[in-house]
Enquirer: 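Here it is: the structure, laid out below.
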There are 2 protein chains.
Amino acid sequence: MAKGIPIATIARLPVYLRALRLLSERGVNLVSSEVLASSTAVRPTKLRKDLSYLGSYGVRGVGYDVDYLTHQISRAMGLTQNWPVVLIGIGNLGQALAGYGGFSSRGFQIKALLDADHTKIGTVVGGHAVRHISELERVVAENSNCIAVLAVPEDVAQAICDRVVNAGVTSILNFAPTVLQVPAQVQLRKVDLSIELQILAFYEQRKSINTTTLSNPA
Amino acid sequence: MAKGIPIATIARLPVYLRALRLLSERGVNLVSSEVLASSTAVRPTKLRKDLSYLGSYGVRGVGYDVDYLTHQISRAMGLTQNWPVVLIGIGNLGQALAGYGGFSSRGFQIKALLDADHTKIGTVVGGHAVRHISELERVVAENSNCIAVLAVPEDVAQAICDRVVNAGVTSILNFAPTVLQVPAQVQLRKVDLSIELQILAFYEQRKSINTTTLSNPA
DNA sequence: GGCTGTGAAAAAGTTCACAGCT
DNA sequence: AGCTGTGAACTTTTTCACAGCC
């Protein structure tokens, strides 16, 4: 338990959390690695290995207590505290994010919506008033350790990112289709719509190739 | 070149493509692995290794021709053809996706927008008229090898997914916060907004821990 | 001299096989 | 008997070191 949780495991824990919540809502309070794995598209052994990095929270011969395991994963992920989120860019995507229920229910609290468009300032989106981007530095100062979510146009993304970093933010989730440059101490993750499509295209293409050539039985 | 391109490499090629396009727009037509790597947040050796799976498209002592490399990566990814895309669910997120320029410019063509909400049918979003979900099967039949993008509510995601699969789609990009069950031959990728946030929270939490305890020098 | 291409080594991640507990 | 937990084997991915070509 002591050492470090592998990066690959970290990326899967939220998926387990989601499946556990669903089970809990259905009144299930005990689950085997086999059942939990099948609802998260991983193999049971991988699931058990992942969970073993957190500790021994299952019961041999029985399974895992759904709520207890949920709590343990949440704790390991740092989700027992509430993380302030500042959402920048209130276009269609920003509005979708502002209204996304998955944030508040998972330890994230939107603290401010910021946009540069004066016609949007003061309008209410997802229960929050939109404020002007000029307030960025103040908002970040008021919310220590906040996470910045960037849903801004590609051409201003790096500039906004720089401001966010200078204001002291060390965790950024970027939706703009750009590779942002940040200092090493800043954690940056990106969600890229077209990249995922391109990866699908590759596999779709490969399917056609496989049906017309002899190669690649896998 | 012949064998298979590693999965990890496939996931990075679209990032290289994006950086190459940017360079091309700026009039740069020759680039070293060092420069290209720095604008994609990978190390030069990894970039060269990735490219080496496609073939030997660089020139030693010189670098890579931007347009030529762009073409070769596009070809390897199957992006020289146009992929039809059917977008299902025209809420805020669906509208953001429908208006996202990154699709058309990268070999993807939206063929239909579908939604269940009758008040939306006929409205035009991103240049496409919204059609009723009942047309799903017809639309899929008319667009062979199309990619389905699901931006539907969580509670109907699996049902829509099943319909899409039954209609013959073998590539799905899911934005709903659910783990979908699909047959093995169907490629499924997901984009999950809250999972990315949770991963950030983990690293943000770890930062605070590291400054207050002795553990984990890495 | 400079930069690519690539085997070989190292590291990370996954799967296996079974010990260990209830 | 049943299901977890985990060292060990295996596979994939990354990094290194340097040969090869312009």
Side-chain angles (χ1 to χ4, degrees), chain A residues 1-13 15-16 19-20 23 28-70 72-73 76 199 202-203 216-218, chain B residues 1-13 15-16 19-20 23 28-66 68-70 72-73 76 184 199 202-203 216-218:
Chain A
M1 174 206 172
K3 206 48 189 305
I5 306 174
I7 294 170
T9 295
I10 292 297
R12 283 186 296 265
L13 291 178
V15 183
Y16 304 151
L20 285 168
L23 288 169
V28 178
N29 42 35
L30 201 61
V31 70
S32 69
S33 64
E34 176 137 357
V35 170
L36 186 54
S38 77
S39 62
T40 55
V42 302
R43 287 203 191 67
T45 51
K46 193 193 261 187
L47 171 62
R48 292 205 301 275
K49 190 69 156 181
D50 282 341
L51 296 181
S52 78
Y53 293 117
L54 312 183
S56 298
Y57 298 130
V59 180
R60 292 169 204 233
V62 179
Y64 300 90
D65 181 277
V66 171
D67 290 341
Y68 182 56
L69 185 57
T70 301
Q72 292 300 341
I73 298 179
I199 295 171
F202 170 79
Y203 289 112
N216 229 340
Chain B
M1 175 204 171
K3 205 46 190 307
I5 306 175
I7 294 170
T9 295
I10 292 297
R12 283 186 296 265
L13 290 177
V15 183
Y16 304 152
L20 284 167
L23 289 169
V28 178
N29 42 35
L30 201 61
V31 70
S32 69
S33 64
E34 175 138 358
V35 169
L36 186 55
S38 77
S39 62
T40 55
V42 301
R43 286 201 194 69
T45 52
K46 193 192 263 185
L47 170 62
R48 292 206 300 276
K49 190 68 157 182
D50 282 341
L51 297 181
S52 78
Y53 293 116
L54 312 183
S56 298
Y57 298 130
V59 181
R60 292 168 203 234
V62 179
Y64 300 89
D65 182 278
V66 171
Y68 182 57
L69 185 57
T70 301
Q72 292 300 341
I73 298 178
I199 296 171
F202 171 79
Y203 288 112
N216 231 340

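So that the names make sense, note that chain A is the first sequence line, chain B the second, and so on, each numbered from 1.
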Enquirer: Could you please name the option among C/dT14, D/dT13, D/dG5 that lies closest to any side-chain atom of B/Ala8?
Expert: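 Nucleotide nearest to B/Ala8's side chain: D/dT13.
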Enquirer: In whole angstrom, give the distance that lies between atom CD of B/Glu34 and atom P of C/dG1.
Expert: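 It works out to 18 Å between those atoms.
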Enquirer: Figure out the CG/P separation between B/Asp65 and C/dT4, and round it to whole Å.
Expert: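 So the CG-P distance, B/Asp65 to C/dT4, works out to 13 Å.
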Enquirer: Shortest non-hydrogen contact from B/Ala11 to A/Ile199?
Expert: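 Smallest heavy-atom distance, with atoms named: CA-CD1, 3.8 Å.
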Enquirer: I want to check one thing: is the phosphate of D/dT15, taken as OP1 and OP2, less than 4.0 Å away from some side-chain N or O of B/Thr45?
Expert: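 It does not, given that no N or O in the side chain of B/Thr45 lies less than 4.0 Å from OP1 or OP2 of D/dT15.
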Enquirer: For A/Leu51, report the nucleic acid contact type (base, sugar-phosphate, nothing); a contact means any heavy atom under 4.0 Å.
Expert: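 The answer is nothing, as A/Leu51 stays clear of every strand by at least 4.0 Å.
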Enquirer: So which nucleotide from C/dT6, D/dT4, D/dT13 ends up closest to the side chain of B/Ser56?
Expert: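 Ranking C/dT6, D/dT4, D/dT13 by closest atom to the B/Ser56 side chain puts C/dT6 first.
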Enquirer: Has the side chain of B/Arg60 got a donor or acceptor atom sitting under 3.5 Å from an opposite partner on the base of C/dG5?
Expert: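 Counting by modelled atom types and ignoring angles, no donor-acceptor contact under 3.5 Å is found here.
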Enquirer: If every non-hydrogen atom of A/Thr70 is compared with every non-hydrogen atom of A/Val66, which pair is closest and at what distance?
Expert: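 The pair with the smallest heavy-atom distance is OG1-O, 2.7 Å.
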Enquirer: Nearest whole angstrom, please: distance from the C1' of C/dG13 to the CG of A/Leu13.
Expert: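 After rounding, the reported distance stands at 14 Å.
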Enquirer: Tell me: NZ of B/Lys46 to C1' of C/dG7, nearest whole Å?
Expert: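 It works out to 19 Å between those atoms.
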Enquirer: If you pin B/Val62 and B/Ile7 to their nearest nucleotides in DNA chain D, which one's is more 5'?
Expert: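 So the residue in question is B/Ile7.
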Enquirer: Can you give me the closest heavy-atom contact between B/Ala19 and B/Leu36, atom names plus distance?
Expert: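 Heavy atoms of B/Ala19 and B/Leu36 come nearest at CB-CD1, 3.8 Å.
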Enquirer: Please report the shortest heavy-atom distance between A/Leu51 and A/Ile73, naming the atom on each side.
Expert: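 Heavy atoms only, the tightest pair is CD2-CD1, 4.0 Å.
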Enquirer: Report the nucleotide, chosen from C/dT15, C/dT4, C/dG13, that has the shortest atom-to-atom distance to any side-chain atom of A/Arg43.
Expert: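 Given the options C/dT15, C/dT4, C/dG13, the side chain of A/Arg43 is closest to C/dT15.
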Enquirer: Quickly work out the A/Arg48 CZ to C/dA19 P distance and round it to whole Å.
Expert: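 In whole Å, C/dA19 P lies 15 Å from A/Arg48 CZ.
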Enquirer: Between A/Lys49 (NZ) and C/dA19 (C1'), how many Å, whole number?
Expert: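 In whole Å, C/dA19 C1' and A/Lys49 NZ are 13 Å from each other.
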Enquirer: Round to the nearest Å and state the distance from A/Leu47 atom CG to C/dC16 atom P.
Expert: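 So the CG-P distance, A/Leu47 to C/dC16, works out to 15 Å.
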Enquirer: Over how many whole Å does the gap from B/Leu69 atom CG to C/dG5 atom C1' extend?
Expert: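 Those two atoms, CG and C1', are 14 Å apart.
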Enquirer: Please tell me which of B/Gly58 and A/Gly61 maps to the more 5' nucleotide of DNA chain C, matching each residue to the nucleotide holding its nearest heavy atom.
Expert: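 The residue closer to the strand's 5' end, by nearest nucleotide, is B/Gly58.
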Enquirer: Name the residue from B/Arg43, B/Arg48, B/Lys49 that meets the side-chain hydrogen bond (donor to acceptor under 3.5 Å, both in side chains) definition with B/Ser33.
Expert: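 Among B/Arg43, B/Arg48, B/Lys49, the one that satisfies the side-chain hydrogen bond (donor to acceptor under 3.5 Å, both in side chains) with B/Ser33 is B/Arg48.
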Enquirer: OP1, OP2 of D/dC3 versus side-chain N and O of A/Ser32: anything below 4.0 Å?
Expert: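 Checking A/Ser32 against D/dC3: no side-chain N or O falls below 4.0 Å of OP1 or OP2.
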Enquirer: With a 4.0 Å cutoff (strictly under), does any side-chain N or O of A/Tyr53 reach OP1 or OP2 of C/dA12?
Expert: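 No, because none of the side-chain N or O atoms of A/Tyr53 sits under 4.0 Å from OP1 or OP2 of C/dA12.
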Enquirer: Is the phosphate of C/dC3, meaning OP1 or OP2, less than 4.0 Å from a side-chain N or O of B/Tyr57?
Expert: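 Checking C/dC3 against B/Tyr57, no side-chain N or O comes under 4.0 Å of OP1 or OP2.
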